[in-house]
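Accompanying notes for the structure given below.
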2 protein chains.
Amino acid sequence: MSILKIHNQNTEVEVGETDTLSDSIRRQLADEILAGRFPVNHKLDEQELADKFAVSRTPVREAIRQLASAGLVDIRPRRGAVVVSLDPAKIGQAFEAAAELEALAAGWAAVRATLVEMGELMDLYEKCEEALEEATSDEFAAANRVFHDKIADLAKNESLKAATRLVRVQTAPFQRAQFQSVEERRRSQEDHADILSAICTQDREAAERGMKNHILRASLTVLRDENRMKSKG
Amino acid sequence: MSILKIHNQNTEVEVGETDTLSDSIRRQLADEILAGRFPVNHKLDEQELADKFAVSRTPVREAIRQLASAGLVDIRPRRGAVVVSLDPAKIGQAFEAAAELEALAAGWAAVRATLVEMGELMDLYEKCEEALEEATSDEFAAANRVFHDKIADLAKNESLKAATRLVRVQTAPFQRAQFQSVEERRRSQEDHADILSAICTQDREAAERGMKNHILRASLTVLRDENRMKSKG
DNA sequence: CCGATTCATCTTGTATACGAAATGCAGAAA
DNA sequence: TTTCTGCATTTCGTATACAAGATGAATCGG
């Protein structure tokens, strides 16, 4: 039942009481990969990482295996694990899929959310609003994520939520850069307003459409930036 | 030639060439769980399984971790892993999500498949046709799965395919019983015909609708059977 | 000069050992 | 009788040891 073992809301990655070393290392490695601190196709040497974290190879191995399940690394038997190469085609597919899955969730949320839950979603929308101007881009990104997660909750389908999480991992490395500009945040928040109102009026179609457009638009922004970065240097 | 094979003489462990022991054990455990040979909430004792497969705890541990990532077992740190309990609500959600994801895939397949690929899909359809009458229910189920997998391929989106796979794991235990009756196979094959023709005429809407109906109808059949089984025994 | 082969080395996969947390039970206290 | 506590046992998490495949360089043959 607790697939939500991973609470990423706090930025701290300390070892909790109930947590195991493997979990801690998995989180730290995931963070590093998603932050792009490992180059693509970088080989993850078990012994090297064990030394780095001052543990034995065992928890490192387990962490790497879990990262492979999450789609962050690729394991070739007896030849080690490498950070997955996210070629543009795959990235595009991930955003495309994410748009559909989150749109589906928004649609279901529109017809399944209770009034109380709508209120909660509004609260989260306002949290984003507050983070619009003054907060750091990471803080806004966090508020943004909470908003989206809430919608996934309101869809009331654990399987869809799990699927969404799976896909979102692929797109995560690129969303980091998204909210650098206040402009982009404002556009994003406008979309959120549309989606929120669609959900609160139980307008399923509008919710779906709004979320799909929201993600596709953001995807295009991100991918264009990515391309510009590449061609520049 | 490998000592591993000699070592495993007395067991059922099959070691492929590229495969690792962990992989082999993961597959076998997954099969057993999906076949319902482990009761729900059954605790997976690492040492016990290690003895059963005549290996050490290490590969068993890795296998269990991967099963957890696949959503088949639930690991509580320091308290072991148990086969997940699939309460009816969760199962329903899984079918619901599967219907949407596969419908999405069918829709994309309709507008993205090449003529050659349509031909290949037709071939797979006919494989199902052949398996309709004479084959065992497991054989038909296999052909059925290949057909669905092909559609997922034709959607040309790796992320969606991965998401579909994730969700399908949850529904797999129940699809086993589905094709026991020839009647049910015929209904299923009728649906396939509709979906196939929609894809081959590039009718996206029809493909989506057909697939969604197909899966929802099958889901209802399965779930009703499940309920009957329960109330009877 | 270039390619294939062999051997040394490195890395992964698996086994085993050990410490620590969880579980279960017995016995005491209320 | 019930519940709490303390201990013994079990099982898990991690460390370490060992075996087998992969990697790469040096050598040999063309």
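Every chain is numbered from 1 and lettered A, B, ... according to where its sequence line falls, protein lines coming before strand lines. Atoms considered below: every heavy atom in the structure, side chains included; atoms not considered: hydrogens, waters and symmetry mates. For clarity, every value in this text was computed on a predicted model and none was experimentally measured.
Listed by chain and number, the residues in a salt bridge (charged side-chain N to carboxylate O under 4.0 Å, His left out) with A:R112 are B:E96 (sequence neighbours excluded). Residues that satisfy the side chain to side chain contact (heavy atoms under 4.5 Å, CB included) test with B:R79, not counting sequence neighbours, are B:R76. Residues satisfying the salt bridge (charged side-chain N to carboxylate O under 4.0 Å, His left out) criterion with A:E46, sequence neighbours excluded, are A:R57, A:R61. Residues meeting the side chain to side chain contact (heavy atoms under 4.5 Å, CB included) test with B:A135, sequence neighbours left out: B:A131, B:E139. Take A:K90 and apply the salt bridge (charged side-chain N to carboxylate O under 4.0 Å, His left out) test, not counting sequence neighbours, and it matches A:D87. Legend: residues meeting salt bridge (charged side-chain N to carboxylate O under 4.0 Å, His left out) with B:D225, ordered by chain and number and at least two apart, are B:R228.
Within the 4.0 Å cut-off from OP1 or OP2 of C:dT14, at least one side-chain nitrogen or oxygen of B:S22 is found.
A donor-acceptor pair shorter than 3.5 Å cannot be found between the side chains of A:E184 and A:S188. In this structure, a donor-acceptor pair under 3.5 Å is present between the side chains of A:E117 and A:T114.
Per the geometry, CG belonging to A:D74 stands 14 Å off P belonging to C:dT12, to the nearest Å. Between B:D23 atom CG and C:dT12 atom C1' there is a gap of 13 Å when expressed in whole angstrom units. Here the P atom of nucleotide D:dC12 and the CG atom of B:L44 are 9 Å apart, to the nearest Å. In this structure, CD of B:E48 is placed 15 Å from C1' of D:dC12, rounded to the nearest angstrom. Rounded to an integer number of Å, the gap from CG of A:D45 to C1' of C:dT12 is 10 Å. Distance A:D51 CG to C:dT11 C1': 13 Å, rounded to the nearest Å. Here D:dC12 presents its P atom at 18 Å from CG of A:L21, a figure rounded to the nearest Å. Regarding A:I25, its CD1 atom lies at a distance of 12 Å from the C1' atom of D:dA15, rounded to whole Å.
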### Task
May I have the step-by-step check of side chain to side chain contact (heavy atoms under 4.5 Å, CB included) for B:K127 and B:V146, ending in yes or no?
CA-CA 9 Å; B:K127 282 266 168 57; B:V146 172; over 6 Å; no
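The side chain of B:R79 lies closest to C:dT23, out of C:dT12, C:dT23, D:dT11. Relative to the side chain of B:R78, the nucleotides C:dA22, C:dG13, C:dT14 differ in distance, and C:dA22 lies closest.
Shown for residues 60-68 of chain B: no residue has heavy atoms falling under 4.0 angstrom of DNA chain C. Taking every heavy atom of residues 52-59 of chain A and every atom of DNA chain D, pairs under 4.0 Å involve A:V55, A:S56, A:R57, A:T58, A:P59, by number.
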Side chains of residues 97-107 of chain A: which donor-acceptor partners sit under 3.5 Å, not counting sequence neighbours?
{"unit_1": "A:E100", "atom_1": "OE2", "unit_2": "A:K212", "atom_2": "NZ", "d": "3.2"}
{"unit_1": "A:E102", "atom_1": "OE1", "unit_2": "A:H148", "atom_2": "ND1", "d": "2.9"}
{"unit_1": "A:E102", "atom_1": "OE2", "unit_2": "A:R168", "atom_2": "NH1", "d": "3.3"}

Show each protein N/O and nucleotides 5-8 of chain C N/O combination with a separation under 3.5 Å, one pair to a line.
none

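Within the structure, no pair that satisfies the ring pair (Phe, Tyr, Trp, His ring centres under 6.0 Å) test touches residues 63-101 of chain B, not counting sequence neighbours. For the ring pair (Phe, Tyr, Trp, His ring centres under 6.0 Å) condition, the pairs that include at least one residue of residues 42-89 of chain A, sequence neighbours left out, are A:F38-A:H42.
When each of A:K43 and B:K43 is assigned the nucleotide of DNA chain D with its nearest heavy atom, B:K43 is the one assigned upstream, toward the 5' end.
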